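Structure first, commentary second.
Remember, it's a predicted structure, so these values are computed and weren't measured experimentally. Chain naming here is simple, since letters A, B, ... match the order of the sequence lines and numbering starts at 1 in each.
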Amino acid sequence: MREALVEVKQLKKYYPITGGIFGRTIGHVKAVDDVSFAIRKGEAFGLVGESGSGKSTTGRTILRLTDKTAGEVKYKGVDLHAVSKQELRRLRPSMQFIFQDPYSSLNPRLRVGDAIGEALMDHGLADKSEIRERVQEVLSLCGLAPYHIDRFPHEFSGGQRQRIGIARSIILQPEFIVADEPVSALDVSIQAQIINLFSDLQEKKELTYLFISHDLSVVEHLCTRIGVMYLGSLVEIAPRDELFARPLHPYTRALLSAVPIPDPRLKRERIVLRGDIPSPANPPKGCKFHTRCPLATDRCKEEVPVLRLADSDHQVACHLV
Amino acid sequence: MTNALLTIDHLQTHFFTPSGVVKAVNDISLRVREGETVCIVGESGCGKSVTAMSVLGLVAEPQGKVVGGDIRFDGVDLLQLSPLEKQQLRGNDIAMIFQEPMSSLNPVLTIGEQIMEPLWEHLLLSKKEARAKAIELISLVGIPRPEEIMNAYPHQLSGGMLQRIMIAIAISCNPRLLIADEPTTALDVTIQAQILDLLREIKETYNTAILLITHDLGVVAEMADYVVVMYAGKVIEEGPVLELFSNPRHPYTRGLLQAKPVIGQRKKRLNSIPGQVPNLIGLADSCYFHDRCESCMSVCRLKQPELKQIDDGHRVACWLYEEESGLA
Amino acid sequence: MSSIVTETAGLAGTRTGARRSSLWRDTFAKLKKNKVAMCGLVFLVIMFLFCFIGPFFSPYASGKVNTVMINKPPSMAHWLGTDNLGRDILTRLMQAGRISLTVGLAAMLLSVFIGSVLGVVAGYYRGVVDQIVMRFADILMTIPGLPLLFIIGAILSEWKVPTDYRIYIVMLMLSLIGWPELARLVRSQILSLREREFMQATESLGLRDHRKLFFHLLPNTIPILIVVATLRVGGAILSESVLSYLGLGVVPPTPTWGNMIDAANTLIDFQKRPWLWIPPGFAIFATVISINLLGDGLRDALDPKMKR
Amino acid sequence: MKAYIIRRLLYMVLTLFGASVLIFGLYALTPGDFVDNNPKLTDERKAELKQMYGLDKPVVERYFVWLGNAVRGDFGYSLQYQQPVTSLLSQYIWNSFLIASASTLFTWLIAIVIGVISATRQYSFFDSAVTIGAFAAMSFPSFFAGLLIIKFFAVDLGWFPPGGMITTGSNATGLAYVWEVIDHMFLPVLVLTMLGVGSLTRYFRTNMLEIIRQDFIRTARAKGLKEKTVVYKHALRNALLPAITLLGFELPALFGGAIITEKIFNWPGVGQLYMQAFSLRDYPLLMGFTMFLAILTVVSNLLADLLYGVADPRVRLK
C-alpha cells in the first residue's frame with residue numbers, strides 16, 4: 001500500500017446558528033461531523049454524497065479554504081490548520097482546488113492569460129518573460145488554443161471556462177488537487193471531455209485527486225477509491241471495484257440502485273428510499289441514516305455506528321454489517 | 001394505435017435578441033399519443049424547453065415568438081386560440097411542471113392556496129370543496145400530514161416535497177397531457193427515484209400522456225416510450241425507446257450514449273464529442289452537427305439533412321442514411 | 001488602476017492597444033445603442049461647453065454693473081434679460097453653471113473617495129473596523145440629509161467663512177452627508193464578492209492580500225461605483241442648489257444656479273420678472289435629468305441586474 | 001422574536017445616543033446664539049439670560065443636562081416662542097402630517113399603478129414615457145418645482161391660493177373650513193407627490209420586471225390563472241413586500257424634505273417652524289426638531305422591519 005499524501009483525522013466543521021439578544025450561538029449545522037480518511041499518493045479518491053452530505057465542505061476544509069472546527073488535516077505530514085499564514089501560502093501551489101461553477105470561479109474582469117499566470121508571478125515561480133509562454137503551454141495542455149490568452153472569460157462556454165480553471169491550477173505544478181463537482185454544471189458531451197482531461201492530466205503529471213461529486217457514474221469512471229458521505233459522516237470507504245460489486249452500507253446500496261441507467265432493457269430491482277434527507281442542522285440521533293433505512297433496528301436509533309474495517313481496505317459504518 | 005393527442009408540425013420559435021435572431025426551435029415536428037410518454041432529450045440550448053413553452057404559449061414575449069408551424073392538441077390548433085381559451089386550456093387539459101421546484105412556487109402564498117387556485121379557476125369548486133380536494137391531492141402525491149402542509153409556505157419544505165406539490169398542482173384538474181421540464185434535474189438521486197416513480201404511477205393510474213424533457217439518458221431509458229433527440233433547435237433522431245437505444249443511428253445520439261459514464265460499464269476513456277454546441281445565431285445551411293461529427297462528409301457542410309424514416313418508427317436526419325432510404 | 005494595466009500588460013507581452021480595453025468598449029457599445037442615455041450624454045457635453053467655454057464668447061463676461069440696464073426683460077442684446085445690477089442673465093447662467101457643475105463633480109469625487117475607502121476597509125477587514133465605520137455611518141444616516149445640511153450651513157454662516165472659501169466648504173458638506181450610503185454600498189459589494197468562487201480561488205492560489213484586493217475585489221466594484229458616482233453628481237447639484245437658494249451654501253457674489261433663483265424670494269421679481277429665476281431652475285433640471293438618464297443607461301450597460 | 005426586538009431596541013438606543021452627540025455637538029460648535037444675536041440686549045442682561053438658559057456652562061455639562069431632560073421628553077423652551085419645544089412641535093406637527101400623509105398616499109398609489117402597468121408593457125411607448133417622466137420628476141429641485149407651480153397655478157392662473165393653510169382673515173368653520181384647507185393643500189401636496197413619485201415608480205417598475213421573470217410566475221401562468229390574477233396577486237404581492245421597508249425611510253425623509261415645500265408654500269408645519277427657528281438661532285427648537293427626526297427615522301425603520309418580518313413568510317420572525 002502506498003503512503004498517504006493527505007490524512008484527515010476526526011475533522012469537524014460546524015457552522016454556528018446564532019440567535020438571542022446578543023447573537024449567541026444557539027446551535028450548529030454540523031456540515032462535517034467527525035470524518036477520518038487518508039488519500040494515498042497518486043490515487044484518485046472519490047467523495048460522493050447528496051446535498052447536505054458535507055462533501056464539499058470537507059474538500060474546502062482539507063485545503064483550509066475555511067477554518068476547521070476540530071480535528072486535523074495532514075498534508076505530507078504537515079498539519080495544514082496549524083501552520084502560519086506564510087507557510088500556508090508557500091504550500092498553496094502544490095495543492096489546488098477546482099471549483100464547480102465555471103461561471104463564478106473566474107474573475108470576469110481578468111483576461112485568461114492573467115488569470116492563469118498571475119499566481120506564478122505572485123509566488124515568484126517564473127520570470128515575467130517566461131510566464132506568457134508557460135501560460136500558452138498549459139492552455140494547449142488543457143485543450144485550449146494559445147490565442148485564447150488575451151480573451152475574457154465571458155467569451156467562453158462553460159466547458160472551456162472549466163478548462164481555464166483547470167489550467168489555472170495545473171500551471172502551479174501541484175501534486176494534490178481537490179476538484180469540487182467540476183463537471184456537474186456541464187452538458188454530457190462536454191462532461192466527457194473534462195473527465196478525459198482529468199484522467200490525462202493525472203497520467204501526465206502524476207497527480208493525486210480528491211474528486212467530489214454527487215454523480216456515482218462519474219466517480220466510478222475516474223476514481224480508484226471511493227468514500228460515501230451522508231449528513232456529514234463517512235458511511236463507507238472502499239476501492240472502486242469492491243464498492244460497486246459489494247456495497248455494504250444500505251445507503252450506498254440505495255444510492256447505487258437509484259442512479260438511472262441508460263439502457264431501457266435493463267429492469268432492476270430498485271431500492272427507493274422513503275422520505276427526505278434530514279437537515280444537517282438537526283440530524284437524527286444514533287445512525288443518521290436510520291430515518292430512511294429500510295433495515296433500521298432499535299439499536300440504530302440509539303447508537304452511532306463507527307467506521308470500521310469490514311474487509312481488507314473496505315470500511316463501513318453500520319451496525320448490520 | 002391510439003390517436004395523437006398532441007401534434008407539433010414544423011414549429012419554429014425564434015428569439016429576437018440584440019445580437020441577432022436565435023432560432024431556438026427550428027422547424028420541429030413531433031406527436032404525443034394518449035397515455036404515452038415521449039421524451040425530448042438534448043443538451044442545454046437545444047430548444048427542448050422552448051418547445052414545451054411554445055405548446056403552452058408561455059414563450060416570453062416580445063423577445064420570443066412562435067413564427068411558424070402549428071401545434072394541435074386533440075385536433076384544436078393551439079396557436080389560433082384566443083388568450084382566454086389558451087388560459088382555460090393551461091393547467092386544465094395540459095399541465096406543466098418545471099426544473100426548479102424551489103423557485104417554481106410563489107414564496108408568499110401558502111401551499112394550500114397554490115393548489116386550490118387551479119381548482120377554483122378550472123373546476124369552479126367552492127372554497128370548501130377545493131380544500132378537501134387539495135388535501136386529497138397532497139396525500140395522493142405521498143406527503144404525510146396534508147392538513148399541515150396546506151398552511152405551510154414553500155420555503156418550509158424540501159425540494160423533493162415541493163416537486164411533489166408541483167405534481168399535485170399539475171394533476172389537480174386531471175390533465176390529459178403533462179409536460180415535465182427536467183423535473184428531477186435539481187434533485188438528489190434518491191429523491192429523483194421517488195419523483196420518477198410518482199410520475200410513472202400517475203401515468204398508469206390516470207392514463208395521462210407525458211412529454212418529458214430531460215438531458216439525462218438514464219431518465220429517458222427509464223421513463224420513455226418514444227424518444228426525440230434534439231440538437232441546435234432541430235430533431236435529429238427519433239424512435240421507440242428500445243429501438244433508439246439499441247440501434248442509435250445519428251452520430252450525435254451515438255456520441256451522447258458513449259459519452260456518458262455508466263455504472264458497471266467502465267471504459268478506459270470516455271468517448272467525448274469534440275467541440276461545442278454551435279451558436280444559434282446566423283447558422284448556415286448545413287448539418288448543424290457537422291463540425292463535431294467524426295463521419296462528416298462534404299455534403300454535410302452544404303446542405304441540411306431532412307428527418308427521414310429508416311426503419312419502422314425510427315427516423316433520423318443524417319446524410320449517412322440518405323442512400324439507404326433510396327435517395328442520392 | 002494604472003498599475004493593473006501596466007502589470008498585466010507586461011505579463012501578457014505582445015498585446016495590441018485595441019484589445020486592451022475590450023470590457024470598456026463593450027460597455028460603451030451597449031451605451032451607444034441606448035438613445036435616451038446618449039441624449040443625456042450629448043446634452044451634458046453641451047452644458048459643459050456652454051458653461052466653461054461660453055463666457056469667452058459673451059460680451060458681458062466681466063459682469064460689470066450696468067445701472068442703465070437693470071431688470072430688463074429678454075431682448076436681442078440680452079437674450080435672457082438682465083438682473084437687478086444690470087448684468088446679463090445668460091452670461092451669469094454660464095458662470096453660475098461653472099460653479100454648480102464643479103461643486104457637483106467635486107462633491108461626488110470626494111464622497112466616492114471617502115465612501116469607497118471606508119467601505120472597502122470595512123468590508124475587507126471586517127471586525128472592529130467594520131463596526132466602527134458602519135455604526136458611524138448609521139448615526140449620520142439617522143438625520144435626513146437636508147436638515148443636516150442646513151445645520152452645517154448655518155454654522156458656516158456663523159463662522160463668517162469668507163465667501164470665496166464657501167464653495168469648498170459646500171463641497172465638503174455634500175460629501176460628508178454623501179459618503180455613508182456609498183460606504184454601505186461598497187461594503188456590501190465587497191462582502192458579496194468575497195463569497196464568489198473566484199475570490200476563494202485567489203485563496204486557493206495563495207495570492208497575496210494586496211493582489212486579492214487590488215486585482216480582484218476592487219476592479220469588480222468599479223462598475224457599480226461608476227453608476228452611483230454618475231447619479232451622485234446630479235444629487236449633489238440638487239443639494240447645492242437648495243443650500244444656495246436658502247443662502248446657506250455658496251453666496252453671492254459667487255453665482256450658482258441655486259443662488260440665482262434666490263431672486264424669487266422677492267415678491268415683485270417672483271411675480272413680474274420670471275426671467276431672473278426660471279432659467280437657472282431649468283438649467284438645474286436639464287442637467288440633473290441628463291445625468292440621471294446617462295446614469296440609468298450606464299447601469300444597464302455595466303450591470304443589468306443591478307438594482308437601485 | 002422577542003430577543004430580536006430587544007436587540008434592535010438596544011441598538012436603536014445606541015444609535016440615538018450617537019445622533020444626539022452629533023446634533024448637540026454641531027450646535028455647540030456654532031458661535032453665537034439667541035442671546036448674542038439680539039442687539040437690543042445689554043451685556044448685563046445677556047449674561048443674566050445666559051446663566052438662566054445655562055449657556056455659560058461647559059459644553060459637556062450642557063450636553064448631559066440637555067440629554068437628561070430629553071430622555072424625560074423635555075427638549076427645553078423655545079427661546080423665540082417661550083413655549084416648551086415638545087408642545088410647540090406637537091402643535092405644528094399635525095399640519096405637517098396632513099400634507100405628508102396625503103402626499104405619501106398619492107405617491108404610493110400612483111407609483112404602484114404606473115409602475116405595474118409600465119412593467120407589464122416593457123418597451124412600449126407608455127413604458128418609455130413613464131421612464132422619462134419618472135426621471136424628470138426626480139430631477140426637479142424641490143424649491144424650484146414649488147416656485148414654478150405657484151407662479152403658474154396661483155399667480156398666473158389664480159386657480160389656487162399661493163400659500164398658507166387658510167385664507168388670511170377667514171373664519172370659516174365646519175365644511176367650509178375643511179374645503180378651504182383642502183384648497184390650500186392642493187399645491188403643496190402636488191409638489192410633494194411629484195417629487196416622490198419618480199423614484200418610487202422606478203422602484204416598482206424594476207421590482208415588478210424582476211418578479212415577472214421568476215419561475216413562480218411562469219408556474220402561475222401554466223396553471224391557467226387569469227393574467228390579472230398572475231399580475232396582481234402573484235407578482236404585485238411579492239413586489240409590495242420589500243417596499244414595506246421603504247416606508248421606514250420614506251416617512252422621516254418626507255418630514256425632512258417637506259421643510260422646503262412648507263417654507264415655499266408658507267404652510268404652518270414643523271418645517272416652516274424649523275426654518276424660522278433657523279433665522280433666529282432658536283437652538284432648543286432646532287435641536288428638538290432634529291432629534292425628533294432622528295427618533296422618527298430609527299423608530300420607523302424598526303417598525304418597517306418588524307412589519308416586514310410579519311408580512312413576509314420567508315423571514316417571519318418566531
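For B/Phe73, there are no ring-ring contact (aromatic ring centres under 6.0 Å, His included) partners at least two apart in sequence or on another chain.
For a residue to count as touching a neighbouring chain, one of its non-hydrogen atoms must lie under 4.5 Å from one of that chain's; by this rule D/Ile217 does not touch chain B.
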Tabulate below the donor-acceptor pairs under 3.5 Å that side-chain atoms of residues 99-108 of chain B make, not counting sequence neighbours, or state none.
| from | atom 1 | to | atom 2 | distance (Å) |
| --- | --- | --- | --- | --- |
| B/Ser103 | OG | D/Asp215 | OD2 | 2.6 |
| B/Ser104 | OG | B/Glu100 | O | 2.8 |
| B/Asn106 | OD1 | B/Val108 | N | 3.1 |
| B/Asn106 | OD1 | D/Asn238 | ND2 | 2.8 |
| B/Asn106 | ND2 | D/His234 | O | 3.3 |
| B/Asn106 | ND2 | D/His234 | ND1 | 3.0 |

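Between chain D and the options B/Ile169, B/Leu109, B/Leu84, the largest number of non-hydrogen pairs under 4.5 Å is found for B/Leu109. Considering only heavy-atom pairs separated by less than 4.5 Å from chain D, the leading option among B/Met96, B/Gln88, B/Glu117 is B/Glu117.
With rounding to the nearest 0.5 Å, the separation of CD in D/Glu210 from OG1 in D/Thr206 is 8.5 Å.
Between B/Arg176 and B/Glu34 there is a salt bridge, since a side-chain N of the basic residue sits under 4.0 Å from a carboxylate O of the acidic one.
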